[in-house]
Amino acid sequence: MLEELKKKVYEANMDLPKYGLVTFTWGNASAIDRETGYFVIKPSGVDYDKLTPDDMVVMDLNMNKIEGKLKPSSDTATHCELYKAFPEIGGVVHTHSTWATSWAQSGRSIPCYGTTHADYIYGEVPCLRNLTKEELEDYEVNTGKLIVEHFKQADVVAVPCCLCKNHGPFTWGKDAAEAVHNAVVLEEVAKMAAICEMVNPKAAPAPQCLQDKHYYRKHGANAYYGQ
């Protein structure tokens with residue numbers, strides 16, 4: 001079932017260590033097939049060098065396992081909440097990448113200091129609040145609901161990522177490959193922003209007109225970046 005999607009999700013997961021975004025098994029990627037309503041995700045706690053496409057787990061949006069020999073990722077419920085809330089999302093990635101996670105642990109959103117950030121993300125990368133003690137009882141579901149709560153009032157396409165306080169980053173895109181791409185961008189943006197503040201602790205965000213120019217030349221109605 002969904003053999004082609006399993007292959008793509010496997011490849012997305014293998015890209016996480018390739019791009020230095022995960023240590024050991026600290027990450028996962030998934031993608032959804034909107035026709036069936038099923039999504040495919042990495043199994044929990046399996047070393048990346050031992051994974052195969054057949055190990056990917058097929059789930060439905062009610063958190064029932066449809067196919068797979070192994071348990072799905074412990075973050076599956078978070079992915080599920082995003083798929084349920086946002087039809088624009090086709091792939092989700094979660095990592096504990098060093099620079100983005102450092103911002104999450106500091107409890108700070110990442111300001112847009114320059115055009116690299118503005119090319120991909122409109123405005124700051126938000127750092128969301130901690131879950132309450134009661135919310136932690138259903139941790140992964142409520143992590144997803146917290147992200148959904150924020151982006152119901154924001155733009156999930158213009159800002160394809162967020163930080164969960166004291167936890168780490170989540171990214172998404174039209175498919176698993178784009179979600180990985182956005183995870184790589186987020187990690188680089190987080191690194192640049194941290195170094196920017198080391199070089200100049202009084203650094204200010206880039207002027208809004210410059211942010212707008214770079215974002216909209218790539219994503220606006222009259223975009224002209226690329227072929």
What residues form a salt bridge (Lys or Arg N to Asp or Glu O under 4.0 Å) with [X], not counting sequence neighbours?
X: E88; value: none
X: K8; value: none
X: R34; value: none
X: E140; value: none

Using ring-ring contact (aromatic ring centres under 6.0 Å, His included) as the criterion, list what pairs up with [X], not counting sequence neighbours.
X: H79; answer: none
X: H181; answer: Y120
X: Y19; answer: none
X: Y48; answer: none

**OP:** Could you tell me whether the side chain of W103 reaches within less than 4.5 Å of the side chain of C127, counting heavy atoms only?
**Re:**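 C127 vs W103: side chains apart.
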Side-chain heavy atoms under 4.5 Å apart, restricted to Ile/Leu/Val/Met/Phe/Trp/Tyr: what other residues fall into the cluster of F24, or is it alone?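 For the cluster that includes F24, the remaining residues are W26.
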key: For K174, side chain to side chain contact (heavy atoms under 4.5 Å, CB included) partners two or more places apart   =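 Residues passing side chain to side chain contact (heavy atoms under 4.5 Å, CB included) with K174: E178.
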When the side chains of residues 150-165 are checked against the rest of the protein, which donor-acceptor pairs come out under 3.5 Å, sequence neighbours left out?
residue, atom, partner, partner atom, Å
D155, OD1, V157, N, 2.9
D155, OD1, A158, N, 3.1

Of all the heavy-atom pairs spanning I89 and I32, show the shortest one and how long it is.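 What the structure gives for the nearest pair is O-CG2, 3.8 Å.
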Compile the donor-acceptor pairs under 3.5 Å between side chains in residues 66-74 and protein atoms, sequence neighbours left out, one pair per line.
residue, atom, partner, partner atom, Å
E67, OE1, K6, NZ, 2.5
S73, OG, N28, ND2, 3.1
S73, OG, D75, N, 3.0

Just checking Y139 against H167, ring centres under 6.0 Å apart?
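Y139 vs H167: aromatic centres under 6.0 Å.
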